[in-house]
Protein chains: 2
Amino acid sequence: MRERPGDNGTVPTAKKKPNVSPSPERRRELLDTAAEVFAAQGYNATTVRKIADAAGMLAGSLYYHFDSKESMLDEILATFLDELWTGYDTVLAAGLGPRETIEALVTESFREIDRHRAAVAIYQKEARTLATQPRFGYLADSQTKFEAAWLGTLERGVADGVFRADLDIRLTYRFIRDTVWVAVSWYRPGGQHSPEEIARQYLSMVLDGVAVRT
Amino acid sequence: MRERPGDNGTVPTAKKKPNVSPSPERRRELLDTAAEVFAAQGYNATTVRKIADAAGMLAGSLYYHFDSKESMLDEILATFLDELWTGYDTVLAAGLGPRETIEALVTESFREIDRHRAAVAIYQKEARTLATQPRFGYLADSQTKFEAAWLGTLERGVADGVFRADLDIRLTYRFIRDTVWVAVSWYRPGGQHSPEEIARQYLSMVLDGVAVRT
DNA sequence: TAACCTACCAAACACTTGTTAGGGAAGCTT
DNA sequence: AAGCTTCCCTAACAAGTGTTTGGTAGGTTA
């Protein structure tokens, strides 16, 4: 999935690895705090000095662990997408029916929001602009694969007669996709509802509607 | 609705009005192009030079028409919210039933997305962060009023037995609100569907669900 | 013709940005 | 004790930021 352009670039100067060998644990810690700041303020509005502040160090010190501000963002998003697709692929390989597949995908999505709240928030805000950049081409790849999985499942459901045939299926896809992922804008881990409970209610609304049956 | 802090600020230096008297039509033109750039790149990632480029002039020339980059954003959002509430208030004053009110609000929302695509996109991306700033306090006010209108209508619908009583009503509110407004991320005016047609399909999904009734 | 107004340009300003270079303190290894 | 590694700091850099100041071409008014 992840096509790493890495050092293949047209840029003559090879991209530097950090001078020495920082510990992966510390990297993770710093990436987590960076992700929080990115999510709260937006990537562009976040200065490396703010990240350093949140981490209790000075701006320049971050460059012992990372090549650049952009590579922090890169690693945050790539890690999230890797884990997301691990979950999705498991669901898609399970050979469930269309309705059960949708239910499992939605539930899995809310679990990802629960586990990677900051990364999902960043993704939501920045993905569209980033996807055009070569370095973040894997975002576009992911979106394509994502759309294929959901649209395919919906089409299968319409063919099987479990989903309504009178709706624009592309509209339905965007509808479900968006309703799930925008939840990250208000969801806070450890809140009233568990991810599974939220998924259950969302699915109930999406599948059966909010109106009383007459 | 709009509490204009204006020049009352604690800041000692009085905020300057533009030196002379630029034409309101030209202001509108420039605000429209500025809104497009803000929507496409994000407010923080947008430099005044990019706006000036898009408008075919130099950066400094913008300051003949506007006090600052921030005041452009302010005027864009304030104008949008004013028109939004004109529409909403008309709907809310019509004395419709709960279901008809929701239908009218959703339809009106898609019309606003159609008319103010750029402003809505900016609002979606930046409102949360901006609302904390005193200058943009009216954003928070609007959100409060917004929530009251929708939640009230939903509660009335549950009481009247037209909406399901087994759902978390706050979750339902966020669900409907988000499904409507995120549409701005993919909606393009002049596309396949009119705002009314999109509203019709969205309402069909939200109210009746995407699953086939058994 | 002279005065004036509108809408822009040219050039600079102070500041913030991401990033780099050199160094040093602590801990571990030999 | 000497050397090495890890992790951070100090101090600066060039580029880019929003904004200001003074000027000026062209039209309108007197």
Side-chain angles (χ1 to χ4, degrees), chain A residues 7 9 11-35 37-38 41-76 126 129-130 133 135-136, chain B residues 7 9 11-34 37-38 41-76 126 130 133 135-136:
Chain A
D7 306 43
V11 190
T13 65
K15 297 194 177 177
K16 301 189 308 274
K17 293 289 170 188
N19 335 356
V20 277
S21 55
S23 90
E25 297 80 22
R26 186 64 176 135
R27 280 175 70 89
R28 263 286 128 227
E29 268 184 53
L30 292 173
L31 281 179
D32 283 347
T33 71
V37 186
F38 284 153
Q41 323 233 3
Y43 174 71
N44 283 289
T46 300
T47 70
V48 293
R49 284 169 179 81
K50 284 184 193 166
I51 301 175
D53 271 8
M57 55 200 289
L58 290 184
S61 307
L62 286 172
Y63 290 80
Y64 171 71
H65 298 276
F66 306 101
D67 283 351
S68 64
K69 178 188 173 188
E70 196 182 71
S71 73
M72 295 187 216
L73 177 63
D74 192 356
E75 195 163 335
I76 289 168
E126 320 284 352
T129 352
L130 290 176
Q133 246 168 291
R135 173 168 196 173
F136 294 92
Chain B
D7 307 44
V11 190
T13 66
K15 299 193 176 178
K16 299 189 307 273
K17 292 288 171 189
N19 335 353
V20 278
S21 56
S23 90
E25 297 80 21
R26 187 65 176 134
R27 281 176 69 88
R28 263 285 127 227
E29 268 183 53
L30 292 174
L31 281 179
D32 283 347
T33 71
V37 185
F38 284 153
Q41 324 232 4
Y43 174 72
N44 282 288
T46 301
T47 71
V48 293
R49 283 167 180 83
K50 284 183 192 167
I51 301 175
D53 271 7
M57 55 198 288
L58 291 185
S61 307
L62 286 172
Y63 290 80
Y64 172 71
H65 299 275
F66 306 101
D67 283 350
S68 64
K69 178 188 172 188
E70 196 182 71
S71 73
M72 296 189 217
L73 177 64
D74 193 357
E75 195 163 335
I76 290 168
E126 320 284 351
L130 290 175
Q133 245 167 293
R135 173 169 195 173
F136 294 92

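Since the model is a prediction, treat every value here as computed from it, not as a measurement. By convention in this document, chain letters (A, B, ...) are assigned in the order of the sequence lines, proteins followed by strands, and residues within each chain are numbered from 1.
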Colleague: Considering residues at least two apart in sequence or located in another chain, which fulfil the side-chain hydrogen bond (donor to acceptor under 3.5 Å, both in side chains) criterion with B:Arg28?
Modeller: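 Once residues adjacent in sequence are excluded, the partners of B:Arg28 under the side-chain hydrogen bond (donor to acceptor under 3.5 Å, both in side chains) criterion are B:Thr79.
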
Colleague: Using atom CD of A:Glu29 as one end and atom C1' of D:dC8 as the other, report the distance to the nearest whole Å.
Modeller: 14 Å

Colleague: Whole angstroms only, please: what is the CG-P distance between A:Leu62 and C:dA21?
Modeller: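 Going from CG in A:Leu62 over to P in C:dA21 covers 17 Å.
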
Colleague: In whole angstroms, how far is the C1' atom of D:dT6 from the CE atom of A:Met57?
Modeller: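 Going from CE in A:Met57 over to C1' in D:dT6 covers 12 Å.
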
Colleague: Does NZ or CZ of B:Lys50 lie under 6.0 Å from the centre of the six-membered ring of B:Phe38, at an angle within 45° of the ring axis?
Modeller: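 Ring-cation test returns no.
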
Colleague: Listed in order of residue number, which residues of residues 43-53 of chain A have a non-hydrogen atom at under 4.0 Å from DNA chain C?
Modeller: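 By residue number: A:Thr46, A:Thr47, A:Val48, A:Arg49.
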
Colleague: Once you round it to whole Å, what is the distance between P of D:dC8 and CZ of A:Arg27?
Modeller: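 Going from CZ in A:Arg27 over to P in D:dC8 covers 13 Å.
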
Colleague: Over how many whole Å does the gap from B:Leu30 atom CG to C:dC8 atom C1' extend?
Modeller: 11 Å

Colleague: Please state how far atom CG in B:Leu58 lies from atom C1' in D:dT21, giving the value in whole angstrom units.
Modeller: 15 Å

Colleague: Measuring from the side chain of A:Ser61 (C-beta onward, heavy atoms only), which nucleotide among D:dC9, C:dC9, C:dG18 has the closest atom?
Modeller: D:dC9

Colleague: Of all residues at least two apart in sequence or in a different chain, which pass the side-chain hydrogen bond (donor to acceptor under 3.5 Å, both in side chains) check with B:Arg26?
Modeller: B:Glu29

Colleague: Over how many whole Å does the gap from B:Glu70 atom CD to D:dT17 atom P extend?
Modeller: 18 Å

Colleague: Quick check on C:dT19: is either OP1 or OP2 less than 4.0 Å from any side-chain nitrogen or oxygen of A:Tyr63?
Modeller: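 So the side-chain polar atoms of A:Tyr63 do come within 4.0 Å of the phosphate oxygens OP1 or OP2 of C:dT19, strictly under.
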
Colleague: Given C:dA7, is OP1 or OP2 found less than 4.0 Å from the side-chain N or O atoms of B:Ser23?
Modeller: yes

Colleague: Should A:His65 be listed as having a side-chain N or O under 4.0 Å from OP1 or OP2 of D:dT6?
Modeller: no

Colleague: First locate atom NE2 of A:His65, then atom CE of A:Met72, and finally report the distance between them rounded to the nearest 0.5 Å.
Modeller: 9.5 Å

Colleague: Mapping B:Arg26 and A:Ser68 to their closest nucleotides on DNA chain C, which lands nearer the 5' end?
Modeller: B:Arg26

Colleague: Does A:Ser61 have any side chain to side chain contact (heavy atoms under 4.5 Å, CB included) partners at least two apart in sequence or in another chain, and if so, which?
Modeller: A:Met57, A:Leu58

Colleague: With sequence neighbours left out, what residues match A:Asp53 under side chain to side chain contact (heavy atoms under 4.5 Å, CB included)?
Modeller: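 For A:Asp53, no residue satisfies side chain to side chain contact (heavy atoms under 4.5 Å, CB included) once neighbours in sequence are set aside.
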
Colleague: Can you list everything that forms a ring-ring contact (aromatic ring centres under 6.0 Å, His included) with B:Phe136? Sequence neighbours excluded, please.
Modeller: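 In terms of ring-ring contact (aromatic ring centres under 6.0 Å, His included), with neighbours along the sequence ignored, B:Phe136 is linked to no residue.
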
Colleague: Using whole Å, what does the distance between atom P of nucleotide D:dG22 and atom OH of B:Tyr64 come to?
Modeller: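 Atom OH in B:Tyr64 sits about 17 Å away from atom P in D:dG22.
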
